[in-house]
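Heads up, the thing below is written out as structure tokens.
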Amino acid sequence: MFNIYFIKLANPQDILELPIEYVKGIGQAKGETFRKELNIHTVYDLLFSFPFRYVDRTKFHQIMDVKEDIDLIQIKGVLLSLEKIKGKNNRYRYQGIFKDGTGSMELVWFQGGNWLEKILKPGEEYIIFGKVTLFNGKLTMAHPEMELVKEASTLARTFEPVYSSTEKMNAKGMDQKFRRKLLRQILDSIKVSDIPETFPDYMMQKLRLCNRFEALQWIHFPENETQKEQATSRIKFEEFFYLQMRLLHGKMLRKQKFRSLPFSKIGECFNTFFKEKMHFELTNAQKRVIKEIRADVARNTQMNRLLQGDVGSGKTIVALLIMLIAIDNGVQCCMMAPTEILAQQHYESIKSSLEDMDLQVAFLTGSVKGKKREKILEDLAAGNIHIIIGTHALIEDTVVFKNLGLAIIDEQHRFGVAQRSRLWYKNGKFAPHILVMTATPIPRTLAMTLYGDLDVSIIDELPPGRKNIQTLHQYESKRPEVIAFMHKEIAKGRQIYVVYPLIEESEKLDLQNLQDGYERLLQYFPMPKFQISVVHGRMPAKDKDWEMQRFVNKTTQIMVATTVIEVGVNVPNASVMIIENSERFGLSQLHQLRGRVGRGADQSYCILMSDYKLSKESRERLSTMVRTTNGFEIAEADLKLRGPGDIQGTQQSGLLDFKLLELTKDRPIMDAARNIALRIMENDPNLERDIHLRIKKQLAHLFSKNRSWNVILRS
Ligand code: ADP
Ligand code: MG
């Protein structure tokens, strides 16, 4: 074996941690480019930057079968002739005729000049490689790679890896060829012992995984389809398995580290409310999740539970009942919402639900200031407040509880994990039980990833008597009918939302659209008979609240808005949701918007207005909306259409940075990995058995590298 490294390693096992500039063929300048362009610092980084696709060079095509525009292909044949031709614009090009046993085609070079004549020899057999297009009606390969067959015979025909790269890299000569050569060289120089296996033998056997060393060799240079697949699934499994181990192990450590006060009894608060104040019967789903949560808070280990339920499924009452149990057990509760408006709504509805019950409910957001704020903080610290509802203002250090026992967080995805964990330290010795509520149903694969360290409860049933929201997709030409429909509904006393998209990149134009739409509505719904609210994100908060308030108290019949109303606002009398330019919204956003109606007893409608011209994806989104109101079904469709990276709130988590795993396609691998991880954590939670030594080592290695993990742990 030759030495490809510029320095002598004290410990050969450090090869992977070697900075890349010490690898032969890289050096300082290229090393810098690797770091800057691709965030590749070490040999390890280089080895673990996998190809995103391969060019199949195991197969030879026959000219007879070649069609235009298939991927890069290679053909074996004879170069019959090479000619210099003067084109229309006085430019020269070289043209060759290439023939195999099945037909002939043209080769063409627009640049290259005389050296082509020197290098290429008509009459010789070549392997050509490139993309075939139709040029002047003839199959043509422009600028093919040419290799003499007699010289190529020693080269193994493989799948050629293609790596993600940048223009700068190419400009510096660090192109695909360079990358391949580099990797070939490194892979040839490493030994099995450099890439130790991280799985115990029993897992390898049971799952029939190839080992880690093989996986690395094969993922870069597979000799055939089978190797490619084996390497890919091994690496995918590994990625997800260790993520699961991290999450589950973290959960276990947290359970060991944090003690919470067990809510062992059900007392007067709960009973009084339940017997005297509940106006409806809980749905079976609500009963089930309450049972799950109760069992969890009855322990002295901290609850960390996600409550998922579609918009309108009745999460608030579940939260309230649990808070009452908490109060019965002598602790304080807080409830945190992502926006001021939403916090306000929760506050008002909970305060009125608890009327005459001798419980102190307080409200705290950034806008509560001065004496009022001081008083609240004082009362909170003295233990005079039972429930405090607010925004992230609640996690500020100045907010001190006497005895916080339960924290409820609404609309999880807007708070980061780190923010969530700040609440845990609000109560000294004991951590509050945590219930996170989200109205964004998440596909199982995503939930396993993002919330793998939480327990999950799901409300999968809507309260009875809800009429399904009727959803229609309409083109602009149906505007008059839509206006007439609006008149009809308003005459019945209903209220209507009209929502416009607004994104930063086209903010000016979007606001103009909203303004135009508003003015058009004014013509059809003239004042003073009709009143219209306008709300958008660029308005001062005060004006926004005032306009919202006018809609809530029914002064206005129509609310024209950007997506600010998306989050949780509850106006039961609003029964029509009109979404303008609906093709520009994502699926989950459309679903959230639609959830603003259908909250009262009336038949509700959602009308999706759109342009005639629709991309395939937009069409799919809109038809999904028309087809179903089931949030989980919509979430699955959304994941398929958009991929996980765009799903709201996942970006900052860092948990989805998989190299190979695809949430939409790899469910079986993910299930297998999660199940094994669960079983291991059950049987050997501290990884003390010899057979789990490798896993323990690998976890320690990953722990030390990954910051998001530390955030989760915060220990
Ligand atoms: P979300 O899950 O979106 O937060 P809410 O908690 O706001 O839903 O509930 C929506 C509406 O349904 C509220 O007006 C609430 O009072 C009502 N509700 C909740 N549970 C029931 C039930 N079991 N029966 C009837 N109405 C219910
Ligand atoms: Mg809600």
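Remember, it's 1-based here, ligands and their atoms both numbered in the order they're listed.
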Which heavy atom of Gln332 sits nearest a heavy atom of Gly383, and at what distance? NE2-CA, 3.7 Å
Can you tell whether the side chains of Lys287 and Glu281 come within less than 4.0 Å, N to carboxylate O? yes
Between Glu378 and Lys375, does at least one N-O distance fall below 4.0 Å, as a salt bridge requires? no
Nearest protein heavy atom to [atom], by residue and atom, and its distance?
atom: atom 14 (O) of ligand 1; result: Asn570 ND2, 4.3 Å
atom: atom 16 (O) of ligand 1; result: Phe280 CE2, 3.6 Å
atom: atom 2 (O) of ligand 1; result: Lys315 NZ, 2.7 Å
atom: atom 7 (O) of ligand 1; result: Thr316 OG1, 3.5 Å
atom: atom 20 (N) of ligand 1; result: Gln286 NE2, 3.0 Å
atom: atom 11 (C) of ligand 1; result: Arg466 NH2, 3.4 Å

Is the shortest distance from a heavy atom of [X] to ligand 1 less than 4.0 Å?
X: Gly309; value: no
X: Asp310; value: yes
X: His279; value: no

Numbered atoms and elements of ligand 1 in range of [X], under 4.0 angstrom, heavy atoms:
X: Glu281; result: 22 (C), 23 (N), 24 (N)
X: Leu282; result: 23 (N)
X: Ser313; result: 2 (O), 8 (O)
X: Thr283; result: 23 (N)

Before you tell me yes or no, could you show the steps for Asp453 and Arg254 under salt bridge (charged side-chain N to carboxylate O under 4.0 Å, His left out), namely the whole-Å CA-CA distance, both residues' side-chain angles and the distance that decides it to 0.1 Å? CA-CA 10 Å; Asp453 62 332; Arg254 210 172 49 211; 3.2 Å; yes
Have [X] and [Y] got a donor and an acceptor in their side chains that come within less than 3.5 Å?
X: Gln344; Y: Glu348; value: yes
X: Arg305; Y: Ser457; value: yes
X: Thr555; Y: Asn553; value: yes
X: Asn384; Y: Gln360; value: no

Do Gly314 and ligand 1 have an N or O pair less than 3.5 Å apart? yes
Taking distance alone, with N or O pairs closer than 3.5 Å, would you say Gly312 contacts ligand 1? yes
Chi angles and distances behind the salt bridge (charged side-chain N to carboxylate O under 4.0 Å, His left out) call for Asp410, Lys315: CA-CA 9 Å; Asp410 200 10; Lys315 294 182 290 295; 5.9 Å; no
Proximity of Met437 to ligand 1 by residue part, where a heavy atom lies under 4.0 Å: neither
Criterion side chain to side chain contact (heavy atoms under 4.5 Å, CB included) against Leu282, the qualifying member of Ile290, Val318, Val289: Ile290
